[in-house]
Structures are given as structure tokens and as C-alpha cells.
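What follows is a single structure, written as C-alpha cells, with notes after it.
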Amino acid sequence: MTSTLSRPSAATLRSQPNPTTRRRFVAETPRSRTHLPTRLRPADLLRITDQGVADVLDGRHDHLLPAEWDPVQRWSTRIHADDDVDVWLISWTPGEATELHDHAGSLGALTVLSGSLREYHWTGEKLDVRVLDAGDQAAFPLGWVHDVVPNPSITVTGPTLSVHAYSPPLTARCWDLAWLRSCHLLRRGSKSDE
């Protein structure tokens, strides 16, 4: 049996902004790319993350949630996987970052379930930033290089949580630091950092 004392109740999570007030951020897919490695589009992934949030709020994944949310280390679990898409529930902790990375041939989307995130996106010349609050969604195309962190200007009680979808399913994450490109291969069934 898991304790609900250390994690937000379903009622608390349900009290987040309603879907009619949420913001969607869809990055434009480069026009030169006409063939994508998946039949799913960013709008499909946004719908999938929205459904993932609804499933978490409805308690369908309670058996996967930790008894207590770690306030120091990020946590993630895959909540759905098939040949087309991976869906992850990710917690975010102060001071943790993913570092700049792309998703090695996968499109992606996320919906913030609770708290607030900052996404730093590398444009090729500079870092742009956008803030994603509870209920906000964002999608990103192939080659989107970003870093995701909890929004340090917002104080939250309970965990900052988001649901992410990747299609095709993640096989690697790549970092581009100091012009040195390295990829971390992911194996099916392994934990992901995001």
C-alpha cells in the first residue's frame, strides 16, 4: 500500500488549470523535412500527453508512483510503450537539469501536470527560453535541442510533474556540448532522464 501523505492528492492535481486555459507551444518542423520517421505528428503527441495527464489524475498509474516524492533526485517511469510511442511521467526537482540534448530521431511533446518548467532551446545561435506552467503543452520536432529544468522563480508544494511522449520510441539522447556530440543509447525497459 502506498502513502498519499507525501504526494499530491488526486484532488490537488485535478485543481490545476482547466484545459481551456492551457497554452500550447508547437515548434515548427523545418520545412526542408518532408519525410518523418513516424506516422504520428506533434498534434497527436500533444493529445497523447494530455491523455497521459488525465490517466495520472484518474489514478490509473498510482501503482507506478513512488510512496514519497524524492525532493532531491528526479524520478521517471514509462507509463505506456508500443511500436509507435513511448510515454513517460517525470518528476522535476530544484537544481536538476537535463542539459542540452535532442531526442535522436524522435519527435516529442509534453504536458505539465503540476508545477512549472523552463525550457531552454538552442536555436543554432542562442538559447531561447519559454516557461511552461501546469496545464501548458509543448511539442518539438526532430533535431530540437533543449534543456528542461524546474522553474526556479515558482515555489511549489509537492512535485513538479510532466508527461512526455516520443515517437518513434526513444532509442538515444544526444548532447551537443562544446561541439562534442555524444549519444546515450537507451534500451527498452530502462529508466530515462527525459
Side-chain angles (χ1 to χ4, degrees), residues 22-53 55-56 74 76-92 96-113 116-133 135-151 160-194:
R22 90 179 67 195
R23 297 177 293 168
R24 282 192 175 184
F25 301 91
V26 180
E28 288 190 30
T29 303
R31 297 195 189 279
S32 61
R33 195 172 270 296
T34 57
H35 176 71
L36 295 175
T38 176
R39 65 183 182 83
L40 299 176
R41 299 295 180 257
D44 300 317
L45 296 178
L46 289 168
R47 181 189 51 76
I48 289 167
T49 61
D50 195 39
Q51 182 61 53
V53 165
D55 290 347
V56 170
R74 289 176 50 211
S76 65
T77 189
R78 185 182 284 130
I79 60 175
H80 177 83
D82 62 31
D83 290 342
D84 292 321
V85 66
D86 271 343
V87 183
W88 293 86
L89 174 63
I90 300 173
S91 76
W92 301 89
E96 293 269 331
T98 60
E99 299 186 7
L100 285 174
H101 66 279
D102 70 14
H103 297 98
S106 295
L107 303 173
L110 67 90
T111 298
V112 180
L113 191 151
S116 181
L117 297 172
R118 275 194 192 168
E119 180 195 39
Y120 296 91
H121 162 62
W122 180 246
T123 67
E125 297 177 9
K126 64 182 178 76
L127 283 176
D128 279 346
V129 65
R130 63 181 169 183
V131 173
L132 303 166
D133 295 319
D136 288 346
Q137 296 185 294
F140 33 93
L142 292 174
W144 186 261
V145 176
H146 69 163
D147 180 18
V148 180
V149 300
N151 187 350
T160 295
L161 300 171
S162 55
V163 174
H164 300 239
Y166 304 100
S167 185
L170 289 177
T171 56
R173 278 191 347 172
C174 296
W175 291 266
D176 198 354
L177 303 172
W179 308 108
L180 172 66
R181 188 160 176 84
S182 64
C183 293
H184 172 69
L185 296 179
L186 300 175
R187 297 175 200 261
R188 292 293 270 187
S190 69
K191 293 280 186 185
S192 170
D193 292 358
E194 184 270 337

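We're numbering straight along the sequence, starting at 1.
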Query raised in the report: Can you check whether Pro169's main-chain N or O pairs, donor with acceptor, with Ser167's side chain at less than 3.5 Å?
Result: no
**Report entry** Straight-line distance of Arg41 CZ to Leu46 CG, nearest 0.5 Å
**Finding:** 13.5 Å
Query - From CG (Asp136) to CG (Leu113), nearest 0.5 Å - result: 12.0 Å
Measure across [X] and [Y] and return the closest heavy-atom pair with its distance rounded to 0.1 Å.
X      : Y      : result
Asp86  : Ala81  : OD1-CB, 3.5 Å
Leu107 : Leu40  : CD1-O, 3.5 Å
Val148 : Glu119 : CG2-CG, 4.3 Å
Ser106 : Tyr166 : CB-CB, 4.3 Å
Asp82  : Asp84  : OD1-N, 2.7 Å
Ala109 : Thr49  : O-CG2, 3.5 Å

Query raised in the report: Would you call Arg130 and Asp128 a salt bridge, taking side-chain N to carboxylate O under 4.0 Å as the test?
Result: no
side-chain contact (heavy atoms from CB on, under 4.5 Å) against [X], all qualifying residues, sequence neighbours excluded:
X      : value
Asp147 : Ala97, Thr98, Leu100, Tyr120, Val149
Thr160 : Trp92, Leu117, Val156
Ser91  : Trp69, Trp75, Leu161

Query - Proximity of His121 and Trp144 rings by center, below 6.0 Å - result: yes
Should [X] and [Y] count as side-chain neighbours, where that means a heavy-atom distance under 4.5 Å?
X      : Y      : result
Gln137 : Asp50  : yes
Phe140 : His146 : yes
Ser162 : Ile90  : yes

**Report entry** Residues Val85, Leu45; criterion side chain to side chain contact (heavy atoms under 4.5 Å, CB included); working and verdict
**Finding:** CA-CA 8 Å; Val85 66; Leu45 296 178; 3.9 Å; yes
Requested in this report: Quick one: list whatever passes side-chain hydrogen bond (donor to acceptor under 3.5 Å, both in side chains) with Ser116, sequence neighbours left out.
Outcome: Asp133, Asn151
Query raised in the report: Among all residues two or more places apart in sequence or in another chain, which pass the side-chain hydrogen bond (donor to acceptor under 3.5 Å, both in side chains) test with Gln51?
Result: Asp55
Query raised in the report: Does the side chain to side chain contact (heavy atoms under 4.5 Å, CB included) test come out yes or no for Leu110 and Val163, once each step is laid out?
Result: CA-CA 5 Å; Leu110 67 90; Val163 174; over 6 Å; no
